Amino acid sequence: GRKSGRCLEGEQVLWGWEPDANLSIHTDNPDLTPCFQNTILAWIPSIYLWTALPFYLLYLKRSKRGYIVLSMLSRFKTLFGVLLWCVSWADLFYSFHELLQSRTPPPVYFVTPLVIGITMLLATLLIQYERLRGVQSSGVLIIFWFLSVLCAVGPFRSKIVTTTAQRFRSATFYIYFVLLIIELILSCFKEKPPFFSPASADPNPSPELTSGFLSRLTFWWFTSFAIRGYKKPLEDKDLWSLNEDDVSKNIVQKLSREWDREKADAQSKSNHALNHVGDGPEEAEVLIRGKRHNRKPSFLKALLRTFGPYFLIGSFFKLIQDLLSFVNPQLLSVLISFIKNKDAPTWWGFLIAALMFTCTVLQTLIVHQHFQYCFVTGMRLRTGITGVIYRKSLVITNSAKRSSTVGEIVNLMSVDAQRFMDLVAFLNMLWSAPLQTCLALYFLWQALGPSVLAGVAVMVLLIPFNSAVAIKTRAFQVEQMQYKDSRIKLMNEILGGIKVLKLYAWEPSFSEKVLEIRKNELRVLKKSAYLNSLSNFAWTSSPFLVALTTFAVYVLVDERNTLDAEKAFVSLSLFNILKFPLAMLPQLISNIAQTSVSLKRIQQFLSHDELDPNCVERNVIAPGKEFGAVLHGAAAGACFLHSINLLVPSGALVAVVGHVGCGKSSLLSALLGEMEKLEGEVAVKGSVAYVPQQAWIQNATLKDNILFGQAPNEQKYQNILEACALKADLEVLPGGDHTEIGEKGINLSGGQRQRVSLARAVFSSSDIYLLDDPLSAVDSHVAKHIFDQVIGPDGVLKGKTRVLVTHGIGFLPQVDHIVVLADGKISEMGSYQELLKQNKAFAEFLRNYALDENIEEDELTSTVLKRERFFPNGSVALTRQLSVISSEGGECPSKMSARRRVAEKKPKLIQAETTEVGTVKLTVFWQYMKAVSPVISLIICFLYCCQNAAAIGANVWLSDWTNEPVINGTQHNTSMRIGVYAALGLLQGFIVFVSSFTLAMGGINAARKLHAALLENKFHTPQSFYDTTPTGRVINRFSKDIFVIDEVIPPTILMFLGTFFVSLSTMIVIIASTPLFAVVIVPLAVLYFFVQRFYVATSRQLKRLESVSRSPIYSHFSETISGTSVIRAYQREKSFIDISDRKVDENQKCYYPSIVSNRWLGIRVEFVGNCIVLFAALFAVIGKSSLNAGLVGLSVSYALQVTLALNWMVRTTSDLETNIVAVERIKEYSETETEAPWIIEDKRPPADWPSRGELEFVNYSVRYRKGLDLVLKDLNLQVHGGEKIGIVGRTGAGKSSMTLCLFRILEAAKGEIRIDGVRISEIGLHDLRSRLTIIPQDPVLFSGTLRMNLDPFNKYSDEEVWKALELSHLKKFVSSQPSMLEFECSEGGENLSVGQRQLICLARALLRKTRILILDEATAAIDLETDDLIQMTIRTQFEDCTVLTIAHRLNTIMDYTRILVLDNGTIAEFDTPTNLIASRGIFYGMAKDAGLA
């Protein structure tokens, strides 16, 4: 009954189903009609290729990769292609030949060979075109050859089985089939890389670009990397370079372009709106309308334009995957009906199993392509946003910068950019979720009819519940973000001013503040934990509730409605598909809400005012340099400048003098264009170098700090070092000028920092030098040296234009012009002599302060200068950095050899952040469990077991119910069935609720404990730790790691336990229904385990590298923000942007492989899942006779959902392993060594101690850290109560170290210090520190009220505070502020001048009023009048106290009782000033330099 007849004459014949149904389906040896074979089957590949072609050609036209040289592979491919074309046309000619012989063949024999022939020719041409376009491996063709082979298998089999008379056609078909297989195999190989492609100098290019299509589809190219990561922990050098499209330069460029375009659009629109305001009565209405038009530029649009198109490719894959996911439930229903039908041929079963497997594999491949596109988009988004924010921070005005703290701006970069990244991965759910829902409902309706609506109703009711929870959670999140922001801001300040906190013994007060914020933060976390467990409950129960209502309604509506396996399990698997979109939607919505907050924050930052680059004209031709009438005010500055007219001739040296806060620094800012100009003009001719009042030092080597990106010029460099008096400092720095300098120049003294800053300016050889008080921080003789060698009339800079803000009167006679500022106006100006003659305020000021003008300029000074060695100055003395010499074994015989030896090793002060390597130790998990509490941990596991038992119970009960026999078209005891099913399901939901809540509580508990321990330890950590650890690293523990412990670890554990138990229950169910399955479990488990180990090893190390490479981005960023004015003055923005880009790229280089590793893993793990589906179905087919439909339905529907669980399980284990590292990192910093206890109960000194204020040093020696040289050697001295002692000495003689020893910031190496006869080493630190008073070198203020800054413990009454303010001459300023004592100081006291800050420190000292006062260089940054005020206050208020002053200006201490001269850590002279001058020793030399002797 085989119809080979005229195929195209009758419909039923074409399909050949009706006459031949038996032949095709109901036999054990099926076959298709030749007709079907020859038309539909043969045409499928051709149709595919023709549809794909136009798109593909378009793509090829646009991609430029250079061409590939003709290789053997390509030649063979072409040859076989041509042969295929010949073979198919041979068929065509044979048909013509038959025509001639008057046997008319059916038309199909003409059409098909013609179509196939043309297609083959096309494919052959495409091979060549691709080669010319540089495509190494073509996906389009591989799919084409695969389809062709697939479609030829059926005819091939039937040709073998049935021998036909058509010998010729059989022969050509066999040849055709063989050639197809060869082509398929050949096309899997990839070509050599293109010729002439831009030769990349990449040391380590990513193999992705050159890998074949199949390798890309399965991410096979990543395997070598995974293996390498498994063998040994990955390092930086193992990472591949980024692809061209992912490099930040390119991305940020695109994004900036779009954002500028968007800004321009918004600008033109709002201008357009403003032009419409008329004068008529309708004016108001138009104004309102105009307001509405004035739209802000939308950053979102810019993002969409930049990243949208790439993202859409991923969306297309998602669409295909969504459609495929509905094929399996249909196949399941076919499988169940096959099991029921006992006499169906077995090959059906095998075919169904094979189809299920193919479908799942396809789904896997496609979904991972989709994710790859999404995640790469996310990665690019982060790069782009980070880059744009960085570039913006360089041009933002100062007032805008003040409106958001450094911490907040860094948060924009870290947290908010991260939000975008997380959102993009699931953004496609926005349209995919509704689509999946509609499809699922359609199929459900087919199975169960209208009863589905009951289920849908439940779902719809759950959506508002879920979204309400989501909205509430978001509100909590915003609140918590605020707490977190303020906590980190506070921590930032605390760590910045930790030294001051230690000196004042203020730690408890600040610790309390942090814990207060933390308490609120955890309170909010607890609330959101309640909500989360509610939503977890809804999430787990929703599919079940939906199924329950649907089945119940279905069964109860009509007793003829019987629930059979097919309906029940197909519906269940559809409900399972529904579960994901329904769960994701609320979460996605809340995510979008969060991201929109972030978007607003970023958009607001990017819309801040920028400095007007043209407010200072740089190209004025007029002689010299001039400023026109400038009336400018800083919107938020502490002072205003008005009506200033100033012209500085080219090459002049102009000094600017005036009281504290009269606008001297603002004048320089105005010249740099940092102030907002209201009217007038500023013109600057030529390039500018700027030395700020507080030196800005980068975390780089000393040499890099001076070169600041200029080309090195050794000769010039050495001269400058000499002139800036840095030579001597270099000799004692461990690595010479290659010494690494810590953040903010932590390991240099104030004086050294200032000199480095000056050297940087001199090296830049600009035309104009703006020097903001560079001489204040250095000792007087060094200041003189610098003035003579650098700034003065004969210095290196002579002939350049110099504007010098100064407090030092000694230099004024040598300058060309003096400008006197008062309250933002120029009160007088002229040369020194002119001003003296005018006899106004300035002359008065001078007469009070001027010293002998006729300093004897004899050889003495120069010999002194040659003789002395400037060691790096006090506060952070020479040996702080000599970490290496220790390894050389103690002290070095001579300075020089030490220098040589050290230079070879170039020690770094700041150790690289360590990354843990290898598996996370189980102890870390144990530590976390201990923090949670072991009992709770056990309870949680037990609850999870119960929950899964309930779930399995419910499903087994369902399968049992479906097998209940149908009698007279009805089933019995339905109500009992429904009842038990409902009870089991609800029980499961309840347990979920309890367990997730318990877990969350445990997590919060742990978070509280860990943070408290970390904080406690950090307040007890000795100062030396902070000198060698960048604050960024400590802050990272407090922000990133605490965040992980708060919000990442608990949900991850929840996820892990959930997926683990789901996978476990799946195995149990499948084995129970088809015991054969146990055989397969072992190999699958082994495969799974291997993939998991490879992945976890690689991915964990990648995550670690990523988090380590992330902190430099932020620390460089915060460094940049604090130094913007310097960077702008030197016009170095471009290179800083490059550095930032490089750091981001380094970070993304670690991040990209970790995305790919997820895809690599996903495909392999899901393959294991797909095998489980395959075997569950296969064994069901094999054991068909002994199985009932219910059980098969149960096991296969479980298998279908296991894939997701397996995938997430590996993911969460690895997430858990990577995130639990946070516990390890926090532990590491909670266990660093601590300083002595704050209070020792049985050793507390008497309440009025020290009553006399006597000090005694006995054989006292001290060093900075173990293994370093001694800074003070065998000091013996006695100070009587009430004495005033001045401490002087060359830089680095150990002056500041003495004060640090008194406060036990440094602990004695030997000997002891007694105060009033009490050994200070025996009492608690707080008892000691709170009884001494210090006015420290750098005035540190914390953001908060002024009152808090003076008295954090609220120990004193308001009267006392006002009294202290009055005595420190701040009363006038404070009472002029509207909020008086509640005046808000900004971060670091930015809104007060340096002098005012210093006075606040004085006020602190006055409030404390203890018997011993220590003054450390406190007089440096103040003009002489304020200086006198302070000195007077100290003389009157601390009359009966012991005062130790570390002096730089000798005139302040000339009337002290005794003067201690330190030299190189030993006492050189100790006597009254008069005796010392008489004895003509070191002190006499210094006094002579200062013109006092």
Side-chain angles (χ1 to χ4, degrees), residues 245-246 251 254-255 258-259 262 298-325 363 366-386 388 412 414-439 463 466-467 470-471 473-474 477 535 539 577-603 1048 1051 1055 1148 1151-1152 1154-1156 1158-1159 1162 1204 1207-1208 1211 1215:
D245 302 335
D246 300 333
I251 295 174
K254 276 187 206 151
L255 183 58
E258 293 295 351
W259 172 235
E262 179 57 36
S298 137
F299 187 53
L300 183 64
K301 272 193 190 157
L303 289 176
L304 288 177
R305 283 200 203 123
T306 319
F307 305 107
Y310 185 81
F311 182 71
L312 284 175
I313 305 175
S315 310
F316 171 70
F317 282 121
K318 178 74 179 144
L319 178 70
I320 300 176
Q321 190 253 334
D322 282 352
L323 298 176
L324 276 175
S325 59
Q363 225 178 309
I366 286 171
V367 77
H368 285 294
Q369 283 307 317
H370 152 244
F371 275 133
Q372 175 71 357
Y373 277 99
C374 291
F375 277 105
V376 172
T377 311
M379 170 178 120
R380 290 181 185 174
L381 259 176
R382 194 180 105 190
T383 303
I385 291 174
T386 307
V388 170
L412 283 183
S414 51
V415 181
D416 295 322
Q418 193 67 34
R419 286 256 172 85
F420 276 94
M421 204 154 148
D422 299 340
L423 175 71
V424 169
F426 299 106
L427 196 57
N428 277 319
M429 288 307 287
L430 258 187
W431 57 265
S432 150
L435 174 79
Q436 284 178 314
T437 317
C438 296
L439 281 172
I463 287 179
N466 274 343
S467 47
I471 288 169
T473 312
R474 182 190 141 220
Q477 208 137 14
S535 69
W539 193 66
I577 291 180
L578 261 182
K579 180 176 173 173
F580 188 62
L582 283 180
M584 279 303 294
L585 258 184
Q587 198 185 339
L588 180 75
I589 289 164
S590 76
N591 255 0
I592 287 180
Q594 274 175 24
T595 311
S596 70
V597 172
S598 293
L599 183 70
K600 278 203 195 81
R601 283 170 60 155
I602 290 175
Q603 192 164 305
V1048 180
M1055 230 7 208
Q1148 299 293 34
Y1151 180 68
Y1152 184 68
S1154 71
I1155 300 178
V1156 178
N1158 279 339
R1159 305 284 71 80
L1204 201 66
N1207 198 345
W1208 276 110
R1211 226 30 98 60
D1215 273 357

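Here the structure is a predicted model, which means the values were calculated and not measured. All heavy atoms count here, side chains included; hydrogens, waters and symmetry mates do not.
Of the possible polar contacts, one joining the Gln1148 side chain to the Met379 backbone as a donor-acceptor pair under 3.5 Å is found.
Side-chain atoms of Leu430 and Ile592, non-hydrogen and from C-beta on, do get closer than 4.5 Å to each other. Counting heavy atoms from C-beta on, the side chains of Leu381 and Leu423 never come closer than 4.5 Å. Side-chain contact between Asn1158 and Phe371 is absent, with no heavy-atom pair separated by less than 4.5 Å.
Considering CE of Met421 and CZ of Arg380, their distance stands at 12.5 Å, rounded to 0.5 Å. Rounding to the nearest 0.5 Å places CD1 of Ile251 at 11.0 Å from CD1 of Ile385. Separating the CG atom in Asp422 from the CG atom in Leu427 is a distance of 12.5 Å, to the nearest 0.5 Å.
With sequence neighbours left out, the side chain to side chain donor-acceptor pair (under 3.5 Å) criterion links Ser432 to Asp322. By the side-chain contact (heavy atoms from CB on, under 4.5 Å) test, Ala425 is found to be paired with Phe375, residues two or more places apart in sequence or in another chain being considered. Listed by chain and number, the residues in a salt bridge (Lys or Arg N to Asp or Glu O under 4.0 Å) with Arg419 amount to none (sequence neighbours excluded).
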Distance-only check: which donor-acceptor pairs under 3.5 Å involve side-chain atoms of residues 308-319, not counting sequence neighbours?
{"residue": "Ser315", "atom": "OG", "partner": "Phe311", "partner atom": "O", "Å": "3.3"}
{"residue": "Ser315", "atom": "OG", "partner": "Asn428", "partner atom": "OD1", "Å": "2.7"}
{"residue": "Lys318", "atom": "NZ", "partner": "Gln321", "partner atom": "OE1", "Å": "3.3"}

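Residues in residues 592-601 take part in these salt bridge (charged side-chain N to carboxylate O under 4.0 Å, His left out) pairs, two or more places apart or across chains: Asp416-Arg601, Asp485-Arg601. The salt bridge (charged side-chain N to carboxylate O under 4.0 Å, His left out) pairs that include a residue from residues 583-598 number zero, where partners must be two or more places apart or lie in different chains.
In this structure, a donor-acceptor pair under 3.5 Å is absent between the side chains of Thr306 and Glu258.
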